[in-house]
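So that we are looking at the same thing, I have put the structure below in structure tokens.
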Amino acid sequence: MFNSDLPGRSGPDACPGALQVHAAADGGLARVRIPGGAVTAGQLRAVAAAARELGSGVIELTSRANLQVRGLPLPPAACEGAERAPAEAPDFAARMAAAGLLPSATHERVRNIVASPLAGRNAASGRDVRPLVAELDRALCARPGLAELPGRFLFALDDGSGDVAALEADVTLRPVAAGDENEAALLLAGADPGLRAPSGAETVGLLAVAEAFLAERAAQGSRAWRLRELADGPARVAARAVQLEPRLRRSSARPPEAYGAETGAADAVGVVGVVGQRDGRVALAVLPPLGRLTPAQAEALAEAAGDGAGEVRVTPWRTVVVPDLSPADAGRWRARLAEAGLVADPASPWLGLTACAGRPGCGKSRADVHADIRAALGDPRPDADVSHDAVRSPSDNGRIPAHWAGCERRCGRPRGRVVDVVATGHGYRVEADGVSRAFPDAEQTSAAVAATREGL
């Protein structure tokens with residue numbers, strides 16, 4: 001049982017934001033919500049400049065497709081308390097507001113919306129949910145009561161490919177059938193309670209679920225951060241949502257396989273490389289090793305976006321997608337971004353590797369996990385030729401994610417089947433499918449992790 005899955009909460013949700021910044025061991029930690037993962041080239045440059053000029057130069061990608069900046073200055077009093085003590089970083093917040101990344105001071109920490117990164121663009125996309133992202137974000141911020149949502153409550157808009165549905169968000173909008181825009185299913189904590197939203201009522205249906213969650217949480221006397229933490233959560237919240245929004249209806253629940261999309265390793269670790277679009281253009285997906293961008297890499301991605309639609313998509317798998325490129329531009333940028341240290345090779349050992357902050361960012365960590373992984377794997381730039389357009393799915397490699405953690409809390413651990421790598425103070429322990437082995441150094445640990453991921 002890990003921190004993110006605890007059924008009971010002893011305190012209020014304290015997720016960081018752009019206004020409420022957490023005092024970590026390496027300074028202030030700010031999180032910028034970017035609904036649907038969409039950020040313009042100009043906005044990405046603004047985040048890069050803030051990270052360089054105000055912080056430590058570290059930009060992190062989160063599992064909710066948001067961005068974090070580390071090492072922001074804090075008043076001395078903020079550093080005297082617990083690691084998670086909230087503080088303010090007014091200069092950072094002002095920059096984010098000027099860039100259009102902070103549209104609501106009251107709702108900024110509840111704007112947690114993920115969406116299929118290639119919705120409306122690739123062959124697997126059954127519905128273009130991009131317009132719904134902006135509609136949901138505006139409507140969410142316009143409801144004062146929903147500012148009380150926990151910062152962990154997650155909305156997901158799935159285009160029918162099943163990619164973000166696999167995240168088991170608190171509420172997921174998913175087409176009932178491929179290409180059917182007349183009605184969508186509302187999945188709660190990954191389960192289908194038979195809740196359906198007709199065309200035109202998707203946003204009000206999603207918000208009705210959020211309001212029903214708050215009402216059921218109060219009725220149960222709970223401080224739950226996630227819907228799955230409530231007793232009989234999906235069924236009870238669905239019943240309340242129908243009462244709150246009469247356009248919703250109840251139907252027969254369907255098993256996951258009935259939706260016609262399969263999830264697997266590719267959904268768990270993300271895809272890198274060149275992905276074809278319906279219109280003849282392509283999208284380029286790259287991985288910042290361990291989900292961390294330097295300001296220079298962020299600026300390179302912003303420059304690449306200028307040859308496409310002028311935006312990038314941050315994904316829940318800590319990859320970045322540059323859509324709407326010509327095949328020639330994608331090949332050129334693939335090589336340039338790989339030279340900048342971003343992973344563009346789907347055979348790279350960096351794919352599917354995640355880690356907690358580790359030292360020096362976290363005072364509870366027993367190791368500098370990032371430094372240990374980099375020392376074991378070396379330069380992330382691949383030796384393989386990345387100038388071609390052929391892409392292999394990560395699922396072809398049969399790998400599952402591996403998460404390195406500096407302590408038993410295992411912060412940032414992905415959901416589902418994972419190889420756990422936990423620092424012990426005198427090496428690491430590797431756990432998978434009930435088997436645990438200890439190794440004295442990072443190099444041996446990394447070799448064991450690689451072998452375990454290939455063998456499972």
Side-chain angles (χ1 to χ4, degrees), residues 2-4 13-33 47-48 50-89 91-93 96 109 151-152 287-298 314 318 341 350 353-377 380 401-414 420-425 427-428 442 445-446:
F2 307 114
N3 233 16
S4 60
D13 170 39
C15 280
L19 289 168
Q20 179 172 302
V21 177
H22 286 182
D26 60 344
L29 171 66
R31 183 176 300 165
V32 182
R33 268 70 176 183
V47 174
R52 180 191 299 110
E53 297 165 16
L54 302 178
S56 60
V58 175
I59 304 168
E60 295 179 325
L61 281 59
T62 78
S63 61
R64 271 98 178 291
N66 294 317
L67 297 175
Q68 291 186 163
V69 173
R70 302 193 70 94
L72 294 169
L74 293 170
C79 301
E80 293 175 358
E83 174 191 342
R84 297 175 62 83
E88 294 183 359
D91 292 342
F92 179 81
M96 296 304 98
R109 294 194 307 135
R152 306 286 179 94
L287 172 75
L290 302 179
R292 287 189 168 186
L293 281 171
T294 66
Q297 289 169 338
V314 179
R318 296 180 173 89
W350 289 96
L353 284 185
T354 59
C356 70
R359 292 177 180 170
C362 177
K364 293 182 173 65
S365 180
R366 301 188 185 103
D368 185 340
V369 292
H370 286 251
D372 285 346
I373 298 171
R374 289 180 179 276
L377 291 185
H403 183 68
W404 290 59
C407 74
E408 294 292 347
R409 294 186 304 166
R410 311 182 197 202
C411 295
R413 182 187 189 272
D420 285 293
V421 190
V422 183
T424 62
Y428 287 90
T445 300
S446 180

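FYI, side chains are in, hydrogens and waters are out, and symmetry mates aren't considered; it's all heavy atoms of this structure. Here the structure is a predicted model, which is why all the values come from computation and not from measurement.
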Subject >> Pairing residues for A51 by the side-chain contact (heavy atoms from CB on, under 4.5 Å) criterion, not counting sequence neighbours >> reply: I59, V69, P295
**OP:** Find the distance between CE (M96) and CG (L19) and round it off to the nearest 0.5 Å.
**Re:** 11.5 Å
Original post:
Can you name the nearest heavy-atom pair linking L61 to P288, along with the distance?
Top reply: CD2-CG, 4.0 Å
Original post:
For the atom pair CG (L72) and CG (D91), what is the distance rounded to the nearest 0.5 Å?
Top reply: 9.5 Å
Original post:
Residues in salt bridge (charged side-chain N to carboxylate O under 4.0 Å, His left out) with R52, at least two apart?
Top reply: E299
Subject >> Partners meeting side-chain contact (heavy atoms from CB on, under 4.5 Å) with S446 (sequence neighbours left out) >> reply: A376, L377, W404
**OP:** Look up atom NZ in K364 and atom CD in E408, then write down how far apart they are to the nearest 0.5 Å.
**Re:** 14.0 Å
**OP:** Would you give the length of the straight line joining atom CD1 of I373 to atom CG of L290, rounded to the nearest 0.5 angstrom?
**Re:** 4.5 Å
**OP:** Look at the side chain of R292 and the backbone N and O of V58, then say whether any donor-acceptor pair between them is shorter than 3.5 Å.
**Re:** no
Original post:
If you take all heavy atoms of F92 and V32, which pair is closest and at what distance?
Top reply: CZ-CG2, 3.7 Å
Subject >> Minimum heavy-atom distance G406-C356, with the two atoms named >> reply: N-SG, 3.1 Å
**OP:** Please report the closest heavy-atom contact between H370 and A355, naming both atoms and the distance.
**Re:** NE2-CB, 4.0 Å
Original post:
How would you list, by chain and number, every residue that makes a side-chain contact (heavy atoms from CB on, under 4.5 Å) with R359, sequence neighbours excluded?
Top reply: S365, D368
Original post:
Does the R109 side chain pair with the main chain of G17, one donor and one acceptor, at a distance under 3.5 Å?
Top reply: no
Original post:
Residues in side-chain hydrogen bond (donor to acceptor under 3.5 Å, both in side chains) with H403, at least two apart?
Top reply: T354
**OP:** Looking only at non-hydrogen atoms, find the nearest pair between W350 and P289 and report the distance.
**Re:** CE3-CB, 3.5 Å
Original post:
Do you know which two heavy atoms are closest between P73 and L54, and how far apart they sit?
Top reply: CD-O, 3.0 Å
**OP:** Go through the structure and list residues passing side-chain contact (heavy atoms from CB on, under 4.5 Å) with N66, not counting sequence neighbours.
**Re:** R31, R33, I34, T62, R64, N112
